[in-house]
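What follows is a short report on a single structure.
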Amino acid sequence: NIYNPQRAIEWRDHFDGAAVKIAYAGYGNKFYNNTVHQGVQTAFRVSQKAGFAQNEIFGNTIRLQSRHTNDFAISANGAKIFGNIINCGSEDNSCRGIFVGGTGSIVYDNVMNVQELPRNQEYNGCEMGGAYGIQMEYNITDLNAYNNIINAYAGECEAYAFRANPGEGSSNNAVHSNRFTAIATGSARAAAVKLSALSREHVLIYDNVFRTNRRWIYLDGNGSVTNPSFLRNRWETTGTIDSPFYPFEVFTWNESHFNGTFVSNSYGEGDKSLFEAEYFRSQTDWPKKDSASNFTIAPNLISPKDLRIK
């Protein structure tokens, strides 16, 4: 049982608020069957030495009450992360879920409930970007993320179940067979997917379920999304959906637009028309159509190997 009651930290980028931290690149460490009851930033921050045995983080239950930026329950590039439960989606609890970068991360069978509360000490309110379930970022390669269940809740602060901004140099990543749900319980934006600076070679996204009552996809203005690989995903609404329902939004800054194809979509009851009749709307000229964004629907039944990332 781990308690981390400190309230102030020196430097959030160094993860000074972590309950457990491996400051330098390590390998072959295992962190398992712990319960983290409290903390203001992170439960496990683990660095990985490339080419050596993976660090493993598994079977932990995590509940944090974050007050600082970069508040991922688990931040572990290149690690094997599985079977953890992150309970940060209700009451006084708050944190992001799992951050992955580096090479060879494996993330599976985790259950995450996340939210952010408006008490971030840096921003004097909501953390910039809000809550994330899984975030992949920073020249990431060979990620395999599957069979995770993520629920992201937006009250006063925004929330996104899956966040991908991998950037140049990223390749051979797969995100599949997950259930990503983003629910708006207040005025803030909730989206099942938040994207930027992404193209086909960066990640293959297939066989997932994306659910929301506000947005399916949001582009945050940090770079265009061009020809992304979305294959055989299911798109659903849940709960009380917004009226009118505008499921696609883009912050049209820094040449950020969405242009791509969704292959072999499936839908929840009544959701096909909500998806296929809509378009990306400009946050900067809301709710008008972003004329530089476009997507098509392809019904071809193809397999992931047909979209293999080169």
Tell me if a side-chain donor or acceptor on Glu10 pairs with a main-chain N or O of Gly17 at a distance below 3.5 Å.
no
Ring-face cation of Arg96 near Tyr132 (centre distance under 6.0 Å, axis angle within 45°):
yes
Answer yes or no: is there a donor N or O on one side and an acceptor on the other, between the side chain of Asn173 and the main chain of His202, under 3.5 Å?
yes
Salt bridge (charged side-chain N to carboxylate O under 4.0 Å, His left out) with Glu249: of Lys288, Arg214, Lys194, Arg189, only one passes, and it is Arg189
Note: Asp16-Lys21 ion pair, threshold 4.0 Å (strictly below)
yes
Given the ring of Tyr279, does Lys289 sit roughly above its face, with NZ or CZ under 6.0 Å from the centre of the six-membered ring and within 45° of the axis?
yes
Between Tyr246 and Trp286, what is the ring plane arrangement, given parallel below 30°, perpendicular above 60°, and tilted in between?
perpendicular
Looking only at atom types and distance, does a side-chain atom of Asp220 sit under 3.5 Å from a main-chain N or O of Asn222, one as donor and one as acceptor?
yes
Name of the residue among Thr238, Asn151, Thr237 meeting side-chain hydrogen bond (donor to acceptor under 3.5 Å, both in side chains) with Arg211:
Thr238
Does Val107 offer a backbone N or O that forms a donor-acceptor pair with the side chain of Asn148 under 3.5 Å?
yes
Check: Arg215 side chain, Val193 main-chain N or O, donor-acceptor pair, under 3.5 Å
no
Gly186 backbone acceptor or donor facing Glu156 side chain under 3.5 Å:
no
Should the pair Phe262 and Phe230 be assigned to parallel (<30°), tilted (30 to 60°) or perpendicular (>60°) ring geometry?
tilted
Which value, rounded to the nearest 0.5 Å, describes the distance between Ser75 atom OG and Asn77 atom CG?
6.0 Å
Give a yes or no answer on whether the side chain of Asn84 reaches the backbone of Asn110 with a donor-acceptor pair at less than 3.5 Å.
no
Taking salt bridge (charged side-chain N to carboxylate O under 4.0 Å, His left out) as the definition, give me every residue that meets it alongside Lys30, ordered by chain and number, with sequence neighbours left out.
none
